[in-house]
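Just so we're clear, the structure is a prediction, and the values are computed from it rather than from any experiment. Below, chain A is the first sequence line, B the second, and so on; all start at residue 1.
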Amino acid sequence: MGKIRTLRGFRDILGEDIEKFRRIENVSRRYLELLGFTEIATPVLESTDLFIRSIGDATDIVEKEMFTFADLGGDSLTLRPEATAGIVRAYLQSGMYAKERISKLFTIGPMFRHERPQKGRFRQFHQVDVEVFGSNDPFVDAELLWMITLLLEDLGVKKYIMEVNSVGCKLCREGFRAMLVSYFETRKDRLCEDCLRRLDRNPLRIFDCKNLQCIEVSSGSPLLSDHLCTGCQDHFHGFLAYMDDFRIPVVVNKRLVRGLDYYTRTVFEITSDELGAQKAFTAGGRYDNLVEEMGGPETPAIGLAIGMERLALLVGNGELPRKPVCFFAYLGEKAKDYLAPMAKAFIDQGLSIRYSYEGKSLKSQMRYADSLGAGFVLILGDEEISKNVIIVRNMKNKDQFELPLDPPGIAVELRQRFH
RNA sequence: GUGGGUGUAGCGCAAUGGUUAGAGCGUCAGGCUGUGGACCUGGAGGUUGGGGGUUCGAAACCCCUCACCCACCCCA
């Protein structure tokens with residue numbers, strides 16, 4: 001086909017989809033603002049270094065999934081594959097860390113990853129991204145998940161599972177990593193190709209493998225949760241206790257790991273069986289070292305991202321009550337001279353008005369009015385003009401009556417009928 | 001990057017290798033001059049994704065290519 005289409009993995013969002021997006025956005029904003037979060041919008045395009053440093057140079061995202069290119073000056077630029085890096089940069093760049101103890105931020109917008117598209121996965125996708133800087137208290141972790149439950153409840157999403165785990169801090173993870181490597185080293189022959197690669201890259205990710213044999217091998221492996229340092233253990237138990245205070249059921253999945261390097265301690269994933277293979281529609285976790293690693297002061301933080309495309313798959317179409325629409329049907333050039341005055345008068349009154357541009361037959365205009373769901377049709381032809389009146393037809397009960405041909409007066413009259 | 005599936009009208013679909021590729025929905029027009037939905041009639045709308053091959057004859061069979069979907073991978 002010679003027609004120009006959207007790029008692979010990119011799509012137009014329209015109709016029901018955009019309504020759902022707007023609902024997700026509105027509901028998110030409502031709860032975020034109630035809980036003291038403020039909005040931040042960071043650029044979609046950033047220096048490539050930012051993502052390499054924050055996400056980790058050995059991750060798949062950085063290795064092969066970024067939209068990266070050189071700008072005219074030769075600098076390497078990248079379309080953001082996730083939001084946290086940019087927000088951390090902004091947090092530091094604006095000196096926010098020196099202005100307030102706790103920063104609660106959110107952003108809503110597009111992210112880009114050069115992946116093969118499939119159900120719930122696109123090259124441009126949208127996230128509601130939430131970050132809290134400045135506290136390592138596990139209550140924050142619980143508060144974030146609680147907020148998600150509020151939001152999901154409001155959107156009518158009921159079937160989902162919250163899985164949580166702790167991946168420990170830098171210290172306990174290093175020790176555990178060595179233990180894990182030695183465990184798998186002796187069982188190398190039974191791991192799939194991908195897991196062999198993971199073994200020296202990021203052995204924790206072997207837990208994510210869907211290969212049956214790998215699952216079998218890793219089912220006997222030591223678990224990080226059994227080897228957390230005391231601090232991390234306390235933190236995780238504190239988190240679980242607060243979740244209990246909120247009366248939110250969670251599933252502790254000791255094999256839950258994340259693909260980004262910066263996560264520490266609490267990690268979580270919210271999944272639904274109705275989504276296909278990409279079943280996580282919200283995920284995140286703590287990143288207590290990232291701010292410091294990015295050149296800022298020691299600042300514990302936690303964040304999460306809601307995948308809007310995926311959540312939209314779970315949100316029913318909320319039917320918006322259709323506003324009554326007035327339709328102006330005119331017959332002939334003389335009547336069309338009233339189009340501008342009528343339009344102005346109705347918009348002045350805050351009333352929605354529609355009309356055809358070409359005029360055409362009355363039947364045609366009536367059909368059009370009906371297809372738009374018009375509550376009233378105003379009919380104006382030579383006869384009415386000579387009598388200085390306009391016909392108002394109520395489309396529901398087919399009543400018709402006349403009003404004086406005075407656009408502002410007509411608009412006021414109809415406005416009263418709507419209230 | 002790797003596999004599998006699917007590409008026919010705006011949309012969702014039909015058509016044993018055999019006339020001029022069809023119907024539905026939508027759209028436009030008409031149904032005694034200016035009145036909507038239902039109903040009736042008619043019109044417009046196709047390079048059968050694209051290219052090549054086999055054949056007397058291809059939407060169909062073969063090859064290549066592109067796109068979309070699903071899965072691997074990865075992740076929201």
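- For the C1' atoms, the distance from B:C69 to B:G52 is 26 Å, rounded to whole Å.
- Among the nucleotides B:G3, B:C75, B:U35, the one closest to the side chain of A:Q400 is B:U35.
- Checking the phosphate oxygens (OP1, OP2) of B:C75, a side-chain nitrogen or oxygen of A:R205 falls inside 4.0 Å.
- Between the CD1 atom of A:I206 and the P atom of B:C74 there is a distance of 11 Å, given to the nearest Å.
- Figure legend. B:A38 is base-paired to no nucleotide; pairs are counted as Watson-Crick or G-U wobble with both atom distances under 3.5 Å.
- Following rounding to the nearest Å, A:M111 (CE) and B:C75 (C1') show an atom-to-atom distance of 13 Å.
- Look at A:R116 and you won't find any side-chain N or O under 4.0 angstrom from OP1 or OP2 of B:A71.
- The base of B:G37 lies close enough to the side chain of A:K398 for a donor and an acceptor atom to sit less than 3.5 Å apart.
- With A:K104 as the partner, the salt bridge (Lys or Arg N to Asp or Glu O under 4.0 Å) test is satisfied by one option alone out of A:E39, A:E143, A:E131: A:E143.
- For the C1' atoms, the distance linking B:C64 with B:G45 amounts to 31 Å, nearest Å.
- With a 6.0 Å cutoff to the six-membered ring centre and a 45° limit on the axis angle, A:R53 does not count as a cation-pi contact of A:F51.
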Distances under 3.5 Å only, N/O to N/O: pair up the protein atoms with those of nucleotides 31-34 of chain B.
residue, atom, partner, partner atom, Å
B:G31, N7, A:K363, NZ, 3.1
B:G31, O6, A:R367, NH2, 3.1
B:G34, O6, A:E383, N, 3.0
B:G34, N1, A:E384, OE1, 2.8
B:G34, N1, A:E384, OE2, 2.9
B:G34, N2, A:E384, OE2, 2.7

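- An OP1 or OP2 oxygen of B:A29 is reached within less than 4.0 angstrom by a side-chain nitrogen or oxygen of A:S364.
- Residue A:R121 places none of its side-chain N or O atoms closer than 4.0 Å to OP1 or OP2 of B:C69.
- Within the 4.5 Å cutoff, the side chain of A:I385 has no heavy atoms near those of the A:I390 side chain.
- Scanning for salt bridge (Lys or Arg N to Asp or Glu O under 4.0 Å) contacts around A:R205 gives A:D208, with sequence neighbours left out.
- Checked against B:A76, B:C72, B:C68, the side chain of A:R5 finds its nearest nucleotide in B:C68.
- Rounded to whole Å, the distance from CG on A:N394 to P on B:U35 is 18 Å.
- B:U2 and B:G10 have their P atoms separated by 33 Å, with the value rounded to a whole Å.
- Using a 4.0 Å cut-off, no side-chain N or O of A:R393 falls inside it from OP1 or OP2 of B:G36.
- Residue side chain A:Q118 does not reach the base of B:C68 through any donor-acceptor N/O pair under 3.5 Å, judged by distance alone.
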